[in-house]
Structures are given as C-alpha cells and as structure tokens.
Amino acid sequence: MDTILRYKSISVFSRVATEIMPLAMLTVAKTQEEKLSLAAEVFRRVADSGTDSTGEWIKSLMLTDDNIFSRTAAHGGRIPERIKAQVKNELLLFKQLSLVSPEEFVTEFTKDFFPRFGSGGLSVTYDGLILFYSTRGYGRFAGANAFVYRDGCLTPAQTDGTRLSDLKDYVEEKNEIIRNTENFIAGLPAFHTLLYGDRGTGKSATVRAIANEYGGRLKTIELARGDIGRLPELIAEIAGLNQKFLIIIDDVNIDGVDADVKTALDGLQGNASNCLVYCTADRRRAAGVIGGGRSDRYKETGEELALFDRFGLVITYVNPDKDKFIDILRQILRSRGVKWRDEYAPLAELAAIKKGGRSPHAAKQIADLIECTYAERLAE
C-alpha cells in the first residue's frame, strides 16, 4: 500500500506514471486474474518499448518526457529546490517499482504461463538526468538527432547515410560549408547558407552528408518546402535550448517564393543563436544548342538575387566540364572497386547528352549502368 500511495504522489513525471500504471497496480492486485492481466500488460509495454526490463523501459520514458524539470534542464535553467526534491522522490519510487519481479506473483497454478517480464536495470541518477537533458534536449527532441517538421509536427526521421567522402569533387564548396558548420558548433560566427546552382550537382546530398557527419554534435530538422512559412514558429520553439539545431529546407522553388516565405527568410539574421538554416535551390536554366552540343546559359533574375540577399553565405554549384565529369565518374567507379577503362569516357559523354547534361548525379547513374552492364568483363 505504501508503494501505491507514493505512486499517486507523482507529479513531475506524471506522463511516465500514467504509462507504468499497470506495474504499480500489480503491487496491490488481489486476485490471480488481476495479477495475470496486469503482468501481461507490463510485458507488452516493455516489449513494445524495445527494451528488456522494466528499469530500461522506465528510463526510456523519463529521458523523453516533457515536463517542467526536463524543460528547465534542457534550457540550462536553475532547478527550484521543491522541484529537485520532488524529482528525487519520484526517481526513488521508479527504482523501487523497477525491482518488482513477476516471480513475486507466480503461484503453483500459474507458473507455466505467467508473463515473466524483465525487471531491474534502472540506472538513472538525478545528476545524470540533468546532464542528459542539457546535452540531448527534452521530450521529442531527446529521442533522436534527425527530425522532419511538417504541418507543425516534429517527428524523428531516418537518415540515408550519405557521407562527405561519398561526394566526389567540389572540394572548395564542401570545405566552405564544413568550415561554416564547424564554426557554428564551436560557437563562432556562422552564416545561414544557400546552396545554389545546377540541378544534380550534389547540393542536397552535401547538406545530408553534413547532417550525418555532425549528427552527434547537432540536431537536424528538415522543414518541408510547403512549411517554410512556419520557420519563425519552429525557431521560436527551439530558441533557448542548449542544443544546436541545423534546419534544412531542400529545393526551394524560386518561382514560388511568395510574401510569406520572404517574410520567414527575412528574419534569419536576427534569430536564435542555437539555430542555423541551410537551403538548397536549383538555378534556372536557359538551354541552347551550339556547334551540335548543349550549351547552358544563365542570368540571375530579380527573384534569385532577392533570395541571395536573405542569406549570409551563398555557395554556388556549377555542372562540371567534360574532363571534370569524366574524373568524377572515374572516382565513383574506383570507390566501388571497378577498374577504369578508357572506353567508358565516350560512353559516359553520350549518356550525359541523353540525360540532358553533365552532372555528378548523371555520373552516378552512368556508374550504376557501367557496373551493372559490364560487371562480368570487369571481373576478368
């Protein structure tokens, strides 16, 4: 009875208390039917959480909980003494509940089918919680390093695993964004950045690779293009947190930069110091034919120039010339263990023309074709 009374006093981690209610009620269950039902529910919830014991389950709930304690710690604020005392009391109770073993409720009749959930394993301290929230964030922010923000909702996201080493050439462009990102992480001046240029040159891949390379030191949030107008709302939500956030807006439609989007981007320079925005946008193309080949002519429009003005740093990506294109293809094939043959050069040039021009993306597609079509010959 003492345990259940203390359980009812939980106030800071009230959401955790609600989730572990079956475990608390198991300690005061009277009938075998109640005990079986409650133990089965505990077993299910522990299993669904992806953990092996009630202690690990409770810990996972505490680390991702959104409450006055976790929020204050995540913002680096001072924890009031009354909150500190309450959290320590609740932590002690959680540890006691984590030690409740299913064997305590097994009878001779139920021993063959009683749900035996794992117990124990709650390795959490008050200071450990403070450290976790201050470095990893609270609530939904603590659960992952990569997120997608759509329709005002933030959900964990899977990354594609792209690394900077996977991206061939464009060394100066990569070094520029690496330097800017590392300055941001180190607390040095850094700029909201627009990666702008030809389609297929690896702008989006570069941003994804940056997110993967530095995922342990900052959190990334991909903002859907249709939600750019919510950028101020998102920035306000993460402002003041100890963690650093990289907000990614991929493939901005220059033709569709309306007043709301411009207003959202206009506020970049004065926003939270823990937030950096990386956008990508494709360059407009006017194509012509010169001497039987393809020629791309560019002239920045007023909309494009206006977009540049909203970023502290603009990194331009341009399609490679013929020699550089062949070199990129050679690097891709070498990274796959495929031996280069001179006959691939004219094949690649012809394929690039059919695909509408030379680009790293086209080189990757051609490498896929060569590897698939000539695999047997290359193995000789």
Side-chain angles (χ1 to χ4, degrees), residues 63-66 70-71 73-76 132-164 177-178 180-187 190-196 203-253 257 260-281 307 310-313 315:
L63 294 182
T64 56
D65 196 42
D66 180 354
S70 60
R71 287 195 301 273
H75 285 84
F132 178 86
Y133 296 137
S134 64
T135 56
R136 292 291 302 275
Y138 72 98
R140 53 187 177 176
F141 293 119
N145 284 327
F147 302 88
V148 173
Y149 190 81
R150 286 191 175 89
D151 299 324
C153 296
L154 191 71
T155 56
Q158 294 292 328
T159 60
D160 64 2
T162 302
R163 312 295 292 194
L164 288 169
I177 195 169
I178 289 171
N180 192 62
T181 305
E182 292 184 344
N183 283 346
F184 172 61
I185 293 173
F191 302 99
H192 301 297
T193 301
L194 174 66
L195 288 79
Y196 166 82
K203 302 180 298 296
S204 299
T206 299
V207 174
R208 292 197 302 271
I210 287 290
N212 291 332
E213 295 284 350
Y214 297 96
R217 300 159 68 186
L218 53 76
K219 294 179 182 290
T220 59
I221 302 174
E222 180 184 344
L223 179 64
R225 187 173 64 186
D227 283 341
I228 296 180
R230 293 179 179 268
L231 181 59
E233 173 186 323
L234 174 58
I235 291 175
E237 184 174 355
I238 63 180
L241 291 172
N242 282 347
Q243 300 75 47
K244 293 184 179 292
F245 293 85
L246 175 62
I247 298 177
I248 299 171
I249 308 174
D250 195 24
D251 195 21
V252 173
N253 183 359
V257 178
D260 290 340
V261 173
K262 290 179 180 178
T263 299
L265 295 178
D266 278 338
L268 289 180
Q269 303 309 318
N271 64 31
S273 60
N274 68 334
C275 164
L276 195 65
V277 177
Y278 283 172
C279 287
T280 71
L307 187 62
R310 288 169 167 81
F311 293 89
L313 177 63
I315 302 176

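There is no side-chain donor-acceptor pair under 3.5 Å between Lys244 and Asn274. With no hydrogens or angles considered, no side-chain donor-acceptor pair links Ser134 and Asn242 at under 3.5 Å.
Applying the ring-ring contact (aromatic ring centres under 6.0 Å, His included) test to pairs two or more places apart or on separate chains, those with a residue in residues 224-252 are Phe141-Phe245.
Scanning both residues, Thr64 and Gly143, for their nearest heavy atoms gives CG2-CA, 4.1 Å. Across Arg71 and Asp66, no two heavy atoms sit closer than the pair NH1-OD1, 2.6 Å. Heavy atoms only, all atoms of each residue included: Cys279 and Val277 are closest at SG-CG1, 4.0 Å. Between Ile248 and Ala211, the shortest heavy-atom contact is CD1-CB, 4.3 Å. Of all heavy-atom pairs between Tyr138 and Ala74, the closest is CD2-CB, 3.6 Å. For Asn212 against Arg163, the heavy-atom pair with the smallest separation is O-NH1, 3.3 Å.
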Residues Ser204, Asp250; criterion side chain to side chain donor-acceptor pair (under 3.5 Å); working and verdict: CA-CA 7 Å; Ser204 299; Asp250 195 24; 2.5 Å; yes

Working for side-chain contact (heavy atoms from CB on, under 4.5 Å), residues Tyr214 and Ile178: CA-CA 10 Å; Tyr214 297 96; Ile178 289 171; 3.3 Å; yes

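To the nearest 0.5 Å, atoms CD1 (Ile221) and OH (Tyr149) are separated by 8.5 Å. Here the CD1-OG1 distance, from Ile177 to Thr206, works out to 6.5 Å after rounding to the nearest 0.5 Å. Interatomic distance, Asp227 CG to Glu222 CD, rounded to the nearest 0.5 Å: 11.0 Å. Distance check, rounded to the nearest 0.5 Å: CZ of Arg150 to CZ of Arg230 gives 12.5 Å. To the nearest 0.5 Å, atom CZ of residue Phe184 and atom SG of residue Cys275 are 6.5 Å apart. The distance from atom CD1 of Ile315 to atom OH of Tyr196, rounded to the nearest 0.5 Å, is 14.5 Å.
Between the side chain of Lys219 and the backbone N or O of Arg136 there is at least one donor-acceptor pair closer than 3.5 Å. At least one donor-acceptor pair closer than 3.5 Å links the side chain of Thr280 to the backbone N or O of Asp251. At least one donor-acceptor pair under 3.5 Å links the side chain of Gln243 to the backbone N or O of Tyr133.
A side chain to side chain donor-acceptor pair (under 3.5 Å) with Tyr278 is found for exactly one of Thr220, Thr193, Thr181, namely Thr181. Shown are Asn180, Ile247, Leu276; of these, the side-chain contact (heavy atoms from CB on, under 4.5 Å) with His192 is made only by Leu276.
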